[in-house]
Amino acid sequence: MGDKKIEINEYSSENLTSLYRLKNVIKQESGQTILSVPDLTLKEGEVYGIIGPSGAGKSTLVRILNGLSQPTSGEVYFLNKELFNKKNLRQLQKEMTLVFQKPHLFNTTVLENVAYGLKVRGYPSKKAFKIAENSLKEMGILELKKRKAASLSGGEAQRVALARAMAFKPRVLLLDEPTGNLDPGNIKLIENKVNSLYSQEHTTVIMVTHNMFQAKRIATRGMFIYQGKLIEEGPIDQIFSEPESNLTKQFVNGEMIF
Ligand SMILES: Nc1ncnc2c1ncn2[C@@H]1O[C@H](COP(=O)(O)OP(=O)(O)OP(=O)(O)O)[C@@H](O)[C@H]1O
């Protein structure tokens, strides 16, 4: 591969105290603080569910974690390196991928869409297509490989976006409401995929979801964001049964009016 891959021993799990570390992170837009995270550590190999009302700042957080949106102030470390340092950003971003609720697919075939992410990571074309085919097979959609992306249904497009994200086996998979527009069958398929990524590949998954049942079903840890503030982060059972904050309690019990 053309790109320097991050050496495992450079960031071995033994030396790694955190996958992400955020300190005093503030994001402002038009003079307003839309996200404030005083101190947050995210560990490798967990499935994080990010919950909170609409407009709370959930997407803002995943865009920061993916390196797409630089905080106005504060520090973000990924694998113990400053994520937004110009020297590190592109290299570190190759370890992660973000899938949106409405997938952004290129106007080419499904197979070319899935191979793209591998090619930009330096895989030779033939190998990229082979891995892409395999990834489509794993998502159960190999028969779509020659279809133009624009002709796909919402559920199919989301599965293609996930096949593309998973093809290069990212260390971190960020999902922003990935099942928001899908029917129960497609939701189940995607949740099963997240479960197997976690249990078999030990991929860290960080997922925004409006669906609290979904967070309960698939997350190992939860984060509650409210009015631009990270209120709490902890084991998912604790978030739902014994949250530290009264705000979290009101939200998970459906008592919050907003
Ligand atoms: N570029 C921007 N300029 C101004 N305000 C913004 C900008 N981006 C986000 N915001 C505001 O910041 C707040 C947080 O937005 P964000 O998309 O992170 O929320 P969210 O929790 O993901 O919401 P939803 O669940 O509705 O998707 C919202 O009030 C939003 O309107």
Side-chain angles (χ1 to χ4, degrees), residues 20-40 42 46-76 78 83-84 89 93 96-105 154-155 157-158 161-162 165 172-183 186-187 190-191 194 204-219 221-234 236 239-240 243 245-258:
Y20 284 98
R21 177 87 202 271
L22 277 67
K23 282 193 210 166
N24 301 320
V25 164
I26 304 270
K27 179 72 185 178
Q28 293 182 322
E29 288 291 354
S30 317
Q32 298 285 320
T33 296
I34 61 167
L35 186 69
S36 156
V37 181
D39 191 359
L40 175 67
L42 302 180
E46 304 277 358
V47 178
Y48 288 91
I50 306 179
I51 57 171
S54 187
K58 305 180 295 296
S59 298
T60 304
L61 177 60
V62 289
R63 287 172 59 82
I64 290 173
L65 297 176
N66 195 49
L68 280 176
S69 171
Q70 183 163 8
T72 312
S73 59
E75 295 151 62
V76 180
F78 177 71
L83 179 59
F84 289 96
L89 182 62
Q93 278 180 315
M96 48 177 100
T97 188
L98 172 57
V99 177
F100 298 92
Q101 179 174 2
K102 285 193 191 137
H104 297 274
L105 298 177
Q158 194 58 289
L162 278 164
V172 184
L173 177 64
L174 294 144
L175 302 168
D176 194 350
E177 283 280 346
T179 60
N181 288 329
L182 304 184
D183 61 85
N186 273 305
I187 292 175
I190 285 168
E191 288 187 3
V194 169
T204 305
V205 181
I206 301 172
M207 177 163 128
V208 172
T209 179
H210 268 115
N211 183 333
M212 282 193 274
F213 296 108
Q214 181 169 62
K216 258 189 188 171
R217 279 195 297 271
I218 64 171
R221 297 187 70 87
M223 273 180 255
F224 175 57
I225 302 183
Y226 180 64
Q227 292 184 344
K229 289 196 190 71
L230 176 66
I231 304 294
E232 72 178 281
E233 186 281 327
I236 197 74
I239 294 285
F240 281 98
S245 158
N246 208 31
L247 284 170
T248 313
K249 194 172 174 184
Q250 285 174 32
F251 184 74
V252 299
N253 289 337
E255 291 161 8
M256 194 175 270
I257 310 294
F258 50 89

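Being a predicted model, the structure only gives us computed values, none of them experimental. Remember, it's 1-based here, ligands and their atoms both numbered in the order they're listed.
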Problem set entry | side chain to side chain contact (heavy atoms under 4.5 Å, CB included) partners for N186, two or more places apart | R159, L182, D183
Short N or O contacts of ligand 1 with protein, under 3.5 Å, listed by atom name?
unit_1	atom_1	unit_2	atom_2	d
ligand 1	18 (O)	S59	N	3.4
ligand 1	18 (O)	T60	N	2.9
ligand 1	18 (O)	T60	OG1	2.5
ligand 1	19 (O)	G57	N	3.3
ligand 1	21 (O)	A56	N	3.0
ligand 1	21 (O)	G57	N	2.9
ligand 1	21 (O)	K58	N	2.9
ligand 1	21 (O)	K58	NZ	2.8
ligand 1	22 (O)	S59	N	2.9
ligand 1	22 (O)	S59	OG	2.8
ligand 1	23 (O)	G55	N	2.8
ligand 1	25 (O)	K58	NZ	2.8
ligand 1	25 (O)	H210	NE2	3.2
ligand 1	26 (O)	S54	OG	2.5
ligand 1	26 (O)	G55	N	3.4

What pairs of donor and acceptor atoms, side-chain ones from residues 68-76 against any protein atom, are under 3.5 angstrom apart with sequence neighbours left out?
unit_1	atom_1	unit_2	atom_2	d
S69	OG	K27	NZ	3.2
T72	OG1	Q28	N	2.7
E75	OE1	Y77	OH	2.7

Exercise. Is the shortest side-chain N to carboxylate O distance from D176 to K58 below 4.0 Å?
Worked result: no
Exercise. Which heavy-atom pair separates M212 from F240 by the least distance, and what is that distance?
Worked result: O-CZ, 3.6 Å
Exercise. Between H104 and F100, how do the two ring planes meet: parallel, tilted or perpendicular, split at 30° and 60°?
Worked result: perpendicular
Problem set entry | Residue pairs passing the side-chain hydrogen bond (donor to acceptor under 3.5 Å, both in side chains) test where at least one lies in residues 205-216, sequence neighbours excluded | E177-H210, T179-Q214, E191-Q214, T209-Q214
